Amino acid sequence: MQRWLFKSEPDAFSIDDLAARPGRTEPWDGIRNYQARNLMRDAMTVGDEGFFYHSSCAVPGVVGTLRVVRGAYPDHTAQDPASPYHDPKATPAEPRWLMVDVQLIERFERTVALKTLKATPALDGMALLRRGNRLSIQPVSDEEWAIILDMATGR
DNA sequence: GCCAACGTTGGC
DNA sequence: GCCAACGTTGGC
């Protein structure tokens, strides 16, 4: 199983929004970056787990965990002119953009803040912390997963 | 709101 | 294929 980190701006879609969805499940739509799309298409499979990360907010950080419950399929919002994620180059034959469905596993009682991650030497190599990194879906190693989960829950 | 860093676009 | 201009991301 591969582990991931999913970024979202909580003003747009927060972990509480995911928790409120039927089945605590939601399509992770709106990915408009080729590298992130290719990760979903080529490397992500049903059963993979990920961190839910809040970006562009008061306390950026990891706020919970989720599971991939449906593998990559066309992101129809790209073909919807009314969607903020509309892409005029997307068509039914060439959908161009993909999404997966994710289900909430756990909402952490407290955020593991970006500041805390940066202050943890064992996480020095983490993709999230690399300068200028903007990838909205990125791989997380087993070691990073264990460290952050331990910080969040003490497990 | 600022701005550094990055990705994408499009003219040539 | 180069690269300048532009748009976006995201921490602060």
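Predicted, not measured: the structure shown is a model, and the values here were computed from it. Residue numbers start from 1 in every chain, and the chains themselves are labelled A, B, ... in the order their sequence lines are given, proteins ahead of strands.
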Open item on the list: Once you apply a heavy-atom cut-off of 4.0 Å, does A:Lys118 come out as touching a base, just sugar-phosphate, or nothing?
Closed with: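 Contact class for A:Lys118: sugar-phosphate only.
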TODO: With heavy atoms under 4.0 Å as the rule, sort A:Ser56 into base, sugar-phosphate or nothing.
DONE: base
Can you name the atoms? Protein N/O to nucleotides 5-7 of chain C N/O, anything below 3.5 Å, with the distance.
none

Side-chain ([X]) to main-chain ([Y]) donor-acceptor, under 3.5 angstrom:
{"X": "A:Asp80", "Y": "A:Thr77", "answer": "no"}
{"X": "A:Glu144", "Y": "A:Ser141", "answer": "yes"}
{"X": "A:Glu26", "Y": "A:Arg21", "answer": "no"}
{"X": "A:His76", "Y": "A:Pro92", "answer": "no"}
{"X": "A:Gln103", "Y": "A:Gly23", "answer": "yes"}
{"X": "A:Thr153", "Y": "A:Leu149", "answer": "yes"}

Task: Partners passing side-chain contact (heavy atoms from CB on, under 4.5 Å) against A:His86 (at least two apart in sequence or in another chain) - done: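 Counting only residues at least two positions away or on another chain, A:His86 forms a side-chain contact (heavy atoms from CB on, under 4.5 Å) with A:Pro81, A:Pro88.
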TODO: Measure from the ring center of A:Trp97 to the ring center of A:Tyr73 and say whether it is less than 6.0 Å.
DONE: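 A:Trp97 vs A:Tyr73: aromatic centres not under 6.0 Å.
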When the side chains of residues 42-51 of chain A are checked against the rest of the protein, which donor-acceptor pairs come out under 3.5 Å, sequence neighbours left out?
| from | atom 1 | to | atom 2 | distance (Å) |
| --- | --- | --- | --- | --- |
| A:Thr45 | OG1 | A:Asp48 | OD1 | 3.3 |
| A:Asp48 | OD1 | A:Gln2 | N | 3.2 |
| A:Asp48 | OD2 | A:Trp4 | NE1 | 2.9 |
| A:Asp48 | OD2 | A:Thr45 | N | 3.0 |
| A:Glu49 | OE1 | A:Arg3 | NH2 | 3.4 |
| A:Glu49 | OE2 | A:Arg67 | NH1 | 3.2 |

TODO: Quick one: list whatever passes side chain to side chain donor-acceptor pair (under 3.5 Å) with A:Arg107, sequence neighbours left out.
DONE: A:Asp16
Quick one: which protein N/O atoms are closer than 3.5 Å to N/O atoms of nucleotides 8-11 of chain B? Pair and distance per line, please.
none

TODO: Find the runs of at least 3 consecutive base pairs, i with j, i+1 with j-1 and so on, that include DNA chain B, using Watson-Crick or G-U wobble geometry with both distances under 3.5 Å.
DONE: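 Counting only runs of 3 or more consecutive pairs, the stems involving DNA chain B are B:1-12 with C:1-12.
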